[in-house]
Each structure stands twice: as structure tokens, then as C-alpha cells.
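See below for the structure under consideration.
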Amino acid sequence: MKLEFEDGRGLLTDADRELMQRCADAAERAEGVRLATSAFVEIVDDETIRRFNCEQRGKDAATDVLSFPTVAYPKGRTAGGCEKLLRREYDPETGACALGDIVISMDHVRAQAKEYGHSERREMGYLLTHGLFHLMGYDHMTDEDKPAMRAMEEKALASIALTREDEGI
């Protein structure tokens with residue numbers, strides 16, 4: 001998967017970008033997507049993500065991650081089973097099918113890592129992976145949808161040893 005980053009405040013290190021690339025590749029493999037895909041990732045602070053959340057979702061609060069998919073998958077279907085829909089998002093400039101945009105709050109990365117007792121790297125990798133699965137058609141808003149999304153997140157992160165138990169990257 002090709003990731004394009006916007007990090008106007010210089011919050012990401014090269015190691016962070018490498019970790020996020022590994023997470024993206026793991027998520028793509030876990031989903032079984034065979035086409036080249038891409039996603040745009042913007043790293044912001046809480047004030048900026050609060051503004052996005054208010055403008056896009058009508059919620060005047062900061063959050064950890066927002067996802068804006070380009071593909072509207074049919075109910076019960078995800079990217080791995082919707083190659084035809086993905087092909088419609090092919091961008092000749094990138095040579096990949098655009099999945100959408102993700103916005104991550106670095107303030108939330110830091111706070112949640114501390115709250116959950118793991119590293120900021122683990123939290124950043126998790127939030128990116130979570131956002132990517134939203135872009136691939138998963139959701140967690142109902143009790144019915146949540147287990148499938150969580151299972152895919154865990155599958156992807158376990159494949160690169162970035163679980164809560166072993167942050168072995």
C-alpha cells in the first residue's frame with residue numbers, strides 16, 4: 001500500500017513513517033486486497049482534528065482518528081471482495097486505487113498510549129490500522145459489526161508483532 005503523509009508540524013519521525021507503512025501493508029494483506037492501493041494520512045493536533053470532526057461529522061470534540069473512505073461498499077462487503085469497486089478509484093499518478101483519507105491526532109496518540117500502558121508507536125500503529133480498516137469497509141458502530149473489525153485489526157497487527165502484549169517491531 002502506498003501511503004502519502006501530510007505532517008505540517010513535523011510530528012512524525014522516519015521510524016514512525018516506516019512503522020505506519022508496515023501496518024498499512026499488514027492491513028492490506030490481512031484483508032486480501034490484490035490490487036495496489038493508496039491512502040492519504042494527515043497527522044494533526046487535537047484542535048485540528050476537533051475542527052475536522054465538527055465540520056465532517058457534526059461532533060464538536062477532538063477524537064483519535066477519523067477516516068474518510070472513497071468507496072461505498074455494499075452492506076456486508078469489504079475491500080477484499082470488491083475489486084471492481086476499488087478499480088474505479090484507480091489513480092494513474094500513484095498507480096494505485098485510492099482507499100481514502102485518514103486523520104490522526106498526535107495528542108491522542110500520546111494520551112492514549114499513556115492511558116493504555118503501551119508505547120506511542122503501538123498506539124500510532126493501531127490507530128492507522130483502525131483507520132485503514134474503516135477505509136476498507138469495516139465498522140464498529142454496532143455489536144454485530146465490532147467483532148469482525150477487531151479481529152481484522154488484531155490479525156494485521158499480530159502479523160508484524162505489534163500487539164498489546166509484544167511490541168516487537
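Computed from a predicted structure; not experimentally measured. Along the sequence shown, residues are numbered consecutively beginning with 1.
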ILVMFWY cluster, [X] and [Y] together (side-chain gap under 4.5 Å):
X    : Y    : result
V103 : F133 : no
Y73  : F68  : no
Y126 : F5   : yes
F40  : L19  : no
I160 : I104 : yes

If we only count heavy atoms from C-beta on, is the [X] to [Y] side-chain gap below 4.5 Å?
X    : Y    : answer
K59  : C54  : no
K2   : T37  : no
L11  : R110 : yes
V71  : C97  : no
H130 : R150 : yes
L135 : T70  : no
L162 : R22  : no
L12  : M124 : yes

With no hydrogens and no angle check, is any side-chain donor or acceptor of [X] less than 3.5 Å from a backbone partner on [Y]?
X    : Y    : answer
T129 : G125 : yes
N53  : A61  : yes
D101 : S67  : no

For the student: nearest non-hydrogen atoms of [X] and [Y], plus distance:
X    : Y    : answer
A72  : L85  : O-CD1, 4.0 Å
V65  : G131 : CG2-CA, 4.4 Å
R77  : C82  : CB-SG, 3.7 Å
E144 : K75  : OE2-NZ, 4.4 Å
A30  : K155 : O-NZ, 3.5 Å
L3   : A24  : CD1-CB, 3.8 Å

The single option from M20, R9, E6 that satisfies side chain to side chain contact (heavy atoms under 4.5 Å, CB included) with I43 is M20
Considering the options K114, R121, R122, E120, which one meets the side chain to side chain contact (heavy atoms under 4.5 Å, CB included) requirement together with V109? E120
Have S105 and D46 got a donor and an acceptor in their side chains that come within less than 3.5 Å? yes
Looking only at side-chain N and O atoms, does S38 offer a donor or acceptor that is under 3.5 Å from a partner on E4? no
Assess whether side-chain contact (heavy atoms from CB on, under 4.5 Å) is satisfied between I102 and E42, documenting all intermediate values. CA-CA 6 Å; I102 297 172; E42 186 169 1; over 6 Å; no
Would V41 and D7 count as a side-chain contact (heavy atoms from CB on, under 4.5 Å) here? Give the steps. CA-CA 8 Å; V41 180; D7 179 24; over 6 Å; no
So how far is it from [X] [atom1] to [Y] [atom2], rounded to the nearest 0.5 Å?
X    : Y    : atom1 : atom2 : result
T63  : R57  : OG1   : CZ    : 6.5 Å
Q112 : E123 : CD    : CD    : 4.5 Å
E28  : L99  : CD    : CG    : 7.5 Å
L132 : E153 : CG    : CD    : 10.0 Å

Is R87 salt-bridged to E83, going by a charged N under 4.0 Å from an acidic O? yes
Carboxylate-amine/guanidinium proximity below 4.0 Å for R50 and E47: no
Decide side-chain contact (heavy atoms from CB on, under 4.5 Å) for D45 and I49; before the verdict, give the C-alpha distance in whole Å, the side-chain angles of both, and the deciding distance to 0.1 Å. CA-CA 6 Å; D45 57 16; I49 206 165; over 6 Å; no
Greater than 12 external heavy atoms within 6.0 Å of E115's CD: yes
Close aromatic pair by centroid cut-off 6.0 Å: Y138 and H134: no
